[in-house]
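Just so you know, these numbers use all the heavy atoms, side chains as well, and skip hydrogens, waters and symmetry mates. All chains are named by letter (A, B, ...) in the order of the sequence lines, taking the proteins before the strands, and each is independently numbered beginning at 1. None of these values were measured; they are calculated from a predicted model.
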Amino acid sequence: MIFISEKIVISTCNHEKLYFAVAVKNGKIIKTILPKLTEKEAIAEISDSFSSFQLSDEYQGLAESVCRAYHGERVSFKDKFIVHELKGDFQKDVLHEVVEIPYGEVRTYKQISEAIDSKAYRAVGTAIGKNPLPIIIPCHRVVKSDLKVGGFFGGTEMKKEILENEGICIINGKIIIKK
DNA sequence: GCTTTAGACGTAT
DNA sequence: ATACGTCTAAAGC
């Protein structure tokens, strides 16, 4: 019996002091990270949920795509990722909503919870915080109801930076919706 | 505008 | 059972 590849391959790329990484299984991205300041940190973070993996430059191009998305380029990852290994339906529902937020727009935690018929605003934040695919699943586009930027795994500053890279205007920590 | 407070609810431990 | 979280709304300053 031959086991087709369950092998996890990790590729990295570097751009102006930032190190990105992707983990790929069966040709699909299964995990990304927010950029780190060293390649070592990037690899440590992306690999910590895998018992075995191998490093390769095979998917460096995908890592570069994530990097470009971070910097505001409109990159489509359609068919290149799967939302996997999520515990409950709740997290899946939340993440599926978040994926639909268009480039350059934002939604609030409340809007996401209403979209899935829930009042669990806070649980939405928790679920998004476990997003295995930051950047690809645009959790940075989810903000507080008063349009303040809100929390972020990589820090509020990084969230602001990504949003600004997408052309979103932020003044004093608040999203300014363009007319 | 800022801070506190209570409320809501999925998840981890 | 308990505690925590990328939160919200209301109340007080």
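Comparing B:dT11, B:dG1, C:dT6 against the side chain of A:F153 picks out C:dT6 as the nearest. Closest contact between the side chain of A:S145 and the listed nucleotides B:dT11, C:dT6, C:dT8 involves C:dT8. Proximity note for A:K159 (side chain, C-beta onward) versus B:dA8, B:dG1, C:dT6: the nearest is C:dT6.
Going from atom CZ of A:R107 over to atom P of C:dC7 covers 18 Å, rounded to whole Å. The CD1 atom of A:I112 sits 11 Å away from the P atom of C:dT8 (whole-angstrom rounding). A straight line from NE2 of A:H140 to P of C:dT6 spans 17 Å, rounded to a whole angstrom.
Between A:K110 and C:dA9, a side-chain N or O to OP1/OP2 separation shorter than 4.0 Å is present.
Side-chain contact annotation: A:H140 with A:E166, donor-acceptor N/O pair under 3.5 Å present.
Between C:dT6 and B:dG7, the distance separating the two P atoms is 22 Å to the nearest Å.
Sequence order on DNA chain B of the closest nucleotides to A:A127 and A:Y121 puts A:Y121 first from the 5' end.
Listed for the A:K159 side chain is a donor-acceptor partner under 3.5 Å among the backbone atoms of A:V149. With hydrogens and angles disregarded, a donor-acceptor distance shorter than 3.5 Å links the side chain of A:N131 to the backbone of A:L133.
Within the 4.0 angstrom heavy-atom criterion, only backbone atoms of the sugar-phosphate kind lie near A:F90; the bases stay farther away.
Distance check, rounded to the nearest 0.5 Å: CD of A:E100 to CG of A:L95 gives 11.5 Å.
Remark: A:F77 CZ is packed, more than 12 non-hydrogen atoms of other residues, nucleotides or ligands lying under 6.0 Å away.
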Polar pairs (N or O, both sides) under 3.5 Å between protein and nucleotides 2-5 of chain C?
unit_1: C:dG5; atom_1: N7; unit_2: A:R122; atom_2: NH2; d: 3.2
unit_1: C:dG5; atom_1: N2; unit_2: A:A123; atom_2: N; d: 3.4
unit_1: C:dG5; atom_1: N3; unit_2: A:T126; atom_2: OG1; d: 2.9

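Ion pairing between a basic and an acidic side chain is recognised when a charged N comes within 4.0 Å of a carboxylate O; A:K148 and A:D146 show such pairing. Between A:K36 and A:E45, at least one side-chain N (NZ, or NE/NH1/NH2) sits under 4.0 Å from a carboxylate O, which counts as a salt bridge.
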### Query
Can you give the dot-bracket line for DNA chain B, where a pair is Watson-Crick or G-U wobble with both atom distances under 3.5 Å, crossing pairs use [ ], and | marks a partner on another strand?
|||||||.|||||

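Residue pairs satisfying the side-chain hydrogen bond (donor to acceptor under 3.5 Å, both in side chains) criterion with at least one member in residues 49-61 of chain A, sequence neighbours excluded, are listed as follows: A:K31-A:S49, A:Q60-A:E64.
Side chains of A:P35 and A:M158 form a contact here, defined as non-hydrogen atoms less than 4.5 Å apart.
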